[in-house]
2 protein chains.
Amino acid sequence: MANGAITIEDVARLAGVSIATVSRTLHRPDIVSEKTRKRVEQAIEATGYTTNAMARSLRTMQTHVIVVLVPNIGNPFFSEILLGIEAVASAHGFNILIGNTDNKPEREKSFAAYVRGHQADGMLLLNGHVPLDNGGRLQGRPAALPPMVIMCERIPGLSLPTVRIDNEGAAHLATRHLIELGHRSIAHIKGPEENILTKDRLAGYRRALEEAGIPFEARLVAPGDFSIPSGQRGVERILDEGPRPTAVFCSNDEMAMGAIVALKQRGLSVPGDVSVVGFDDIQFAGSCDPPLTTIHQPRRHIGETAMALMVELLESGSVPEREVVIETELLQRGSSGPPRGP
Amino acid sequence: MANGAITIEDVARLAGVSIATVSRTLHRPDIVSEKTRKRVEQAIEATGYTTNAMARSLRTMQTHVIVVLVPNIGNPFFSEILLGIEAVASAHGFNILIGNTDNKPEREKSFAAYVRGHQADGMLLLNGHVPLDNGGRLQGRPAALPPMVIMCERIPGLSLPTVRIDNEGAAHLATRHLIELGHRSIAHIKGPEENILTKDRLAGYRRALEEAGIPFEARLVAPGDFSIPSGQRGVERILDEGPRPTAVFCSNDEMAMGAIVALKQRGLSVPGDVSVVGFDDIQFAGSCDPPLTTIHQPRRHIGETAMALMVELLESGSVPEREVVIETELLQRGSSGPPRGP
DNA sequence: GAGAGAAATGTAAAGCTTTTCATTGCATAT
DNA sequence: ATATGCAATGAAAAGCTTTACATTTCTCTC
């Protein structure tokens with residue numbers, strides 16, 4: 001950096017006091033006399049001093065930085081959660097370091113090292129798995145886990161504070177909505193195979209069918225990967241393979257938008273011929289044509305809650321082994337309606 | 001933190017060497033004998049040691065962290081630029097700290113303090129203005145600016161390395177595209193008033209009209225704020241105020257999508273009655289109905305270029321006073337076509 | 001086998017802050 | 001005037017690393 005950096009010593013010299021007094025003026029102004037405080041403040045102003053955060057962190061063992069592990073910042077779903085995290089973080093004097101993992105284990109580990117290397121106080125996990133290596137250690141660390149809060153996906157077999165939505169319940173709600181409209185042949189486009197979200201949402205879909213006495217048909221379930229094109233492909237596959245369903249429940253909104261594109265391309269109307277329901281309520285869900293019926297996740301709120309839990313965890317030191325389940329909501333918009341009469 | 005932290009000293013003791021040797025084993029393994037290196041590596045493995053990044057940073061005066069100031073991470077436009085930054089950063093061993101400013105000066109300053117406080121080596125500015133206070137000092141700092149690279153918007157009167165696209169030229173291209181299709185009455189929906197992007201794109205629009213001998217009509221220019229609803233309002237206002245234009249060039253894609261919604265609501269077809277052209281090529285531009293004709297900005301590439309410039313800046317120490325202009329491209333999709341014949 | 005030179009290792013300082021403990025200064029009470 | 005106590009300040013250690021310089025150990029040559 002080589003910038004003749006201004007240190008606390010420079011300020012002390014200019015103010016004619018010891019460095020301890022400068023530190024106190026900054027940290028606990030009440031215990032320093034008014035006269036010297038003024039002098040010190042002037043000196044700080046004159047020199048343009050700001051405390052070297054590294055040195056402070058080294059001394060206090062606190063960085064006030066929280067790492068957030070995100071699979072993909074490009075995904076607007078995550079970015080709104082980040083806004084919620086940000087808001088609470090900055091209100092409590094924390095900064096967040098966003099770790100874009102791309103689902104690559106080596107990237108996850110590199111960010112986990114951040115916490116281990118004392119560059120961050122804790123970690124928020126939006127990626128659905130803890131960066132643990134075989135020995136049950138976090139990237140080589142014995143036993144004690146750093147402060148962590150799991151977000152959005154259940155991680156089985158690990159008791160860490162968790163914030164999540166009831167994916168199974170919400171999927172059940174979405175599917176029941178279609179059933180109540182009168183649909184009996186309801187397709188589903190899944191998310192990526194290993195994903196827990198995928199499993200939970202599929203389970204909710206199946207339970208709703210079951211409860212309504214509708215037999216589950218494997219033919220009506222297409223694989224997907226949460227992308228728009230995979231939604232298109234999913235619909236095409238289902239249409240090609242048998243009689244047309246009257247509704248499709250997609251595991252996220254992007255795929256639902258892809259599904260609508262594919263249906264339109266085949267000359268089918270939405271919701272006239274086929275109803276489509278998504279999941280997430282992303283930004284464009286209300287503005288596409290037709291506006292998408294979907295499950296609204298209060299993303300901002302999820303982020304806020306998780307960060308609040310982290311702050312509590314850091315301040316109390318204790319680990320509140322708690323699971324917060326955030327309420328979701330079905331937004332009924334234009335893409336779903338009753339099936340065409342017989 | 002209170003985690004009986006493992007320090008370099010613990011490793012040294014276990015390996016029976018001095019801490020200097022441990023440090024060297026980590027830093028310059030070539031200058032330590034094979035035998036001791038093995039012993040040290042074993043001790044590191046056994047203790048699960050990782051170097052305390054704060055202490056290292058304090059010593060080396062380098063953090064390998066770059067702050068990126070973003071107005072709004074929620075905006076997918078920015079998030080893809082971030083991916084580009086991320087990619088180059090991690091390839092060079094840097095981490096990025098995303099500073100979501102919400103366009104609030106106090107937040108910008110708080111992140112600028114990060115650089116001043118030696119918690120970051122440099123700053124990438126996506127927000128269009130440098131967090132300078134009156135005295136021409138960066139948040140109180142005299143003279144020397146920290147390493148900064150400006151992205152996406154020109155900042156007048158400041159000679160810092162810049163990466164941007166040619167907004168005026170791209171807007172000109174988009175407008176000329178409509179003119180070449182045969183349109184003569186072309187509306188424009190602007191971005192936020194103070195924004196430089198707004199001005200540049202408006203200028204490009206005007207130049208294209210001028211070159212084609214089409215008189216500029218203030219009536220055909222509506223204000224906007226880059227949001228979907230503002231695009232809707234813009235179109236409604238133009239339609240309400242006079243004869244219908246046959247095309248609309250919007251200053252970004254969100255507003256273009258809003259414009260399409262509003263046109264459809266009025267029973268107008270796109271592009272049959274009115275052509276719409278956007279700007280940015282956001283993720284959903286290709287999947288909406290009709291697919292949006294727009295200016296493609298290679299966002300990832302922009303991010304990569306800027307971060308590469310930053311790395312160069314940090315490594316060479318010199319400030320390459322350079323302006324890189326990234327090429328844009330007109331993507332002709334379904335939302336634009338020739339005007340209906342007379 | 002001695003000595004020179006190179007290689008390997010150790011010692012200690014520096015980087016900047018916070019904080020404990022000690023000291024100074026002052027006011028009040030005796 | 002002296003003692004007592006409190007408020008304000010200072011000196012110095014600690015936090016962990018890197019690295020310049022000093023020292024030791026080794027290798028090779030004569």
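Letters A, B, ... are given to chains in the order of the sequence lines, protein chains preceding strands, and every chain is numbered from 1. Since the model is a prediction, treat every value here as computed from it, not as a measurement.
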Output yes when a side-chain donor or acceptor of [X] lies under 3.5 Å from a complementary backbone atom of [Y], and no otherwise.
X	Y	value
B:Ser23	B:Ile19	no
B:Thr51	B:Ala53	no
B:His64	B:Gly93	yes

Distance, rounded to the nearest Å, where [X] contributes [atom1] and [N] contributes [atom2]:
X	N	atom1	atom2	value
A:Lys35	D:dT9	NZ	C1'	12 Å
A:Leu26	C:dT19	CG	C1'	14 Å
A:Asp30	D:dT9	CG	C1'	15 Å
B:Ile31	C:dT9	CD1	P	9 Å
A:Arg28	C:dT20	CZ	C1'	12 Å
B:His27	C:dT9	NE2	P	17 Å

Worksheet entry | B:Asp10 and B:Thr47: side chain donor to acceptor below 3.5 Å |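 There is no such pair (donor and acceptor under 3.5 Å, judged by atom type) between the side chains of B:Asp10 and B:Thr47.
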Worksheet item: Do you see a donor-acceptor pair shorter than 3.5 Å between the side chains of A:Thr50 and B:Arg116?
Response: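 Their side chains do contain a donor-acceptor pair, which is all the 3.5 Å distance test asks for.
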Show each protein N/O and nucleotides 15-17 of chain C N/O combination with a separation under 3.5 Å, one pair to a line.
{"from": "C:dT17", "atom 1": "OP1", "to": "A:Tyr49", "atom 2": "OH", "distance (Å)": "2.4"}
{"from": "C:dT17", "atom 1": "OP1", "to": "A:Asn52", "atom 2": "N", "distance (Å)": "3.4"}
{"from": "C:dT17", "atom 1": "OP2", "to": "A:Ile8", "atom 2": "N", "distance (Å)": "2.5"}

Worksheet item: Salt bridge check: are B:Glu106 and B:Lys109 linked by an N-O gap of less than 4.0 Å?
Response: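 Salt bridge: no.
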Fill in: CA sep, side-chain torsions, deciding dist, call: A:Arg107, B:Glu86, salt bridge (Lys or Arg N to Asp or Glu O under 4.0 Å)
CA-CA 11 Å; A:Arg107 304 227 53 201; B:Glu86 261 265 334; 2.7 Å; yes
Item to complete: Assess whether salt bridge (Lys or Arg N to Asp or Glu O under 4.0 Å) is satisfied between A:Glu108 and A:Lys104, documenting all intermediate values.
Response: CA-CA 6 Å; A:Glu108 290 175 3; A:Lys104 293 189 184 134; over 6 Å; no
Worksheet item: Choosing from D:dT19, C:dG10, D:dG10, which nucleotide comes nearest the side chain of A:Thr21?
Response: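 Per side-chain heavy atoms of A:Thr21, the pick is D:dG10.
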Worksheet item: What residues form a side chain to side chain donor-acceptor pair (under 3.5 Å) with A:Ser79, not counting sequence neighbours?
Response: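 Scan of A:Ser79 (side chain to side chain donor-acceptor pair (under 3.5 Å), adjacent residues dropped) gives none.
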Between the protein and nucleotides 20-27 of chain D, list every N/O to N/O distance that falls short of 3.5 Å.
none

Practice prompt. Name the nucleic acid region contacted by B:Thr36, choosing base, sugar-phosphate or nothing; use a 4.0 angstrom heavy-atom cut-off, strictly under.
Written response: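 Counting heavy atoms under 4.0 Å across all strands, the contact made by B:Thr36 is with sugar-phosphate only.
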